[in-house]
Amino acid sequence: MPLSQPKVLSTQSSTTLIGKALPEQRVINTTVTALRFNNAMSTILQWAHGRESKAVCVANVHMLMEAYWRPEFAHNLQNADMVTPDGMPLVWMMKLLGYKGQNRVAGMDILQSLCQKASAENIKVFFLGSQQAILDQMRTRLEKDYPNLDIAAMKPLPFRPLTPSEDEAVIQEIHESGAGLVFVSLGCPKQEQWMAEHQGKVQAVMIGLGGAFPVYAGLKKWAPRWVRQAGLEWLYRLVQEPRRLFGRYFQTIPPFLFLASVQVLAHRFMPQTRDC
């Protein structure tokens, strides 16, 4: 896709900033929440205790480029309550742009940390999306890893759009379950769209975890820590699924590198105040 397409939502109103009250840094065309991992988890847990309707997006290079090219998707990220830096390239970008202490806030780490803390703090969790077979395998491991975790429900969704009555039934089920955390696995950008549509409707913290479900279930391998920290997880995944991922990476990585370089150079030679 051409890089000449105009960027969208390049500014953010003071009202939105006041509502979020979280530090942020714009990376390419997306405002990413500038919180270290532990602080991000504490914020999410605070929201969950209050059963606040919040949307948390877990962003990588692919998601940022989708937002660059698709204004409607950029709008969903812009209105999310938290956008975490999942990929190491985003972490490096944020450090170069001034947030020296930023670390990675990735999907699998989020899932495991919140399940551990939710079991200790009596927060119910709801798993939404994916497939029944994956959810069943996740439940088996969750019950072993976190025996005190209160799993409100594990509900797959059909690939087709839900009817209004079906959607209302899902919302009602979440409410009646008492869940404070809703882990959503519908794939990007579907899960981000679903969360955007349900902000203010689902009284819980919705977190889009994408591919974390099959990894936690053991159906896909999780890259070793040194691979993740080196920013080579994309290569690890490519080796596992070359047919599915080669086209995506070829389409997103080169333009991201170009746009990231432009932004970093502009920041270095034409310093500006941070977006936050």
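Here, residue 1 is the first one in the sequence, and each next residue gets the next number. Computed from a prediction, not measured in an experiment: that's the story for all the values here.
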Hey, could you give me the [atom1]/[atom2] distance between [X] and [Y], rounded to the nearest 0.5 Å?
X: Gln199; Y: Asp81; atom1: CD; atom2: CG; value: 5.0 Å
X: Thr43; Y: Leu22; atom1: OG1; atom2: CG; value: 5.5 Å
X: Tyr216; Y: Leu135; atom1: OH; atom2: CG; value: 13.0 Å
X: Ser113; Y: Met41; atom1: OG; atom2: CE; value: 5.5 Å
X: Ile110; Y: Ile44; atom1: CD1; atom2: CD1; value: 5.5 Å
X: Leu128; Y: Leu186; atom1: CG; atom2: CG; value: 6.0 Å

Is [X] reaching over with its side chain to a backbone N or O of [Y], donor-acceptor style, under 3.5 angstrom?
X: Asn103; Y: Phe37; answer: yes
X: Lys54; Y: Met82; answer: no
X: Ser119; Y: Asn148; answer: no
X: Asp86; Y: Val58; answer: no
X: Glu52; Y: Ala204; answer: no
X: Gln137; Y: Gly218; answer: no
X: Tyr99; Y: Glu24; answer: yes
X: Arg26; Y: Val32; answer: no
X: Thr33; Y: Thr84; answer: no
X: Arg51; Y: Gln203; answer: yes

Exercise. Would you say the side-chain atoms of Asp145 and Gln112 include a donor-acceptor pair closer than 3.5 Å?
Worked result: no

Exercise. Do you see a donor-acceptor pair shorter than 3.5 Å between the side chains of Glu72 and Asn76?
Worked result: no

ILVMFWY cluster, [X] and [Y] together (side-chain gap under 4.5 Å):
X: Ile151; Y: Val205; result: yes
X: Leu45; Y: Met108; result: yes
X: Leu77; Y: Trp194; result: no
X: Met206; Y: Leu209; result: no
X: Val27; Y: Trp69; result: yes

Can you name the closest pair of heavy atoms from [X] and [Y] and give their distance?
X: Glu173; Y: Ala153; value: OE2-CB, 4.1 Å
X: His198; Y: Asp167; value: NE2-OD1, 2.7 Å
X: Lys124; Y: Ala152; value: CB-CB, 4.3 Å
X: Ile28; Y: Ala260; value: CD1-N, 3.5 Å
X: Val56; Y: Met195; value: O-CE, 3.5 Å
X: Cys115; Y: Leu149; value: O-CD1, 3.5 Å

Please tell me if the side chains of [X] and [Y] come closer than 4.5 Å, counting only heavy atoms from C-beta onward.
X: Ile207; Y: Leu114; answer: yes
X: Leu96; Y: Gln263; answer: no
X: Met63; Y: Glu192; answer: yes

For this session: Check step by step if side chain to side chain contact (heavy atoms under 4.5 Å, CB included) holds for Val91 and Met88.
Result: CA-CA 5 Å; Val91 174; Met88 283 306 297; 4.2 Å; yes

Exercise. After noting the C-alpha distance and the side-chain angles of Phe213 and Gln131, does the key distance pass the side chain to side chain contact (heavy atoms under 4.5 Å, CB included) rule?
Worked result: CA-CA 9 Å; Phe213 280 28; Gln131 303 170 25; over 6 Å; no

Problem set entry | side chain to side chain contact (heavy atoms under 4.5 Å, CB included) evaluation trace for Glu166 with Leu157 | CA-CA 10 Å; Glu166 288 174 330; Leu157 292 180; over 6 Å; no

For this session: Apply the test side chain to side chain contact (heavy atoms under 4.5 Å, CB included) to residues Leu142 and Met154: give CA-CA distance (whole Å), side-chain angles for both, the deciding distance (0.1 Å), then the verdict.
Result: CA-CA 12 Å; Leu142 286 166; Met154 304 188 85; 4.0 Å; yes

Problem set entry | Glu66 with Arg70: basic N within carboxylate O range, under 4.0 Å | yes

For this session: Please say which of Pro156, Ser185, Pro214 ends up in a side chain to side chain contact (heavy atoms under 4.5 Å, CB included) with Ile134.
Result: Pro214

For this session: Kindly assign one of parallel, tilted or perpendicular to the pair Phe183 and Phe127, based on the angle between their ring planes and the thresholds 30° and 60°.
Result: tilted

Exercise. Do other residues, nucleotides or ligands put more than 12 heavy atoms under 6.0 Å from Lys117 NZ?
Worked result: no

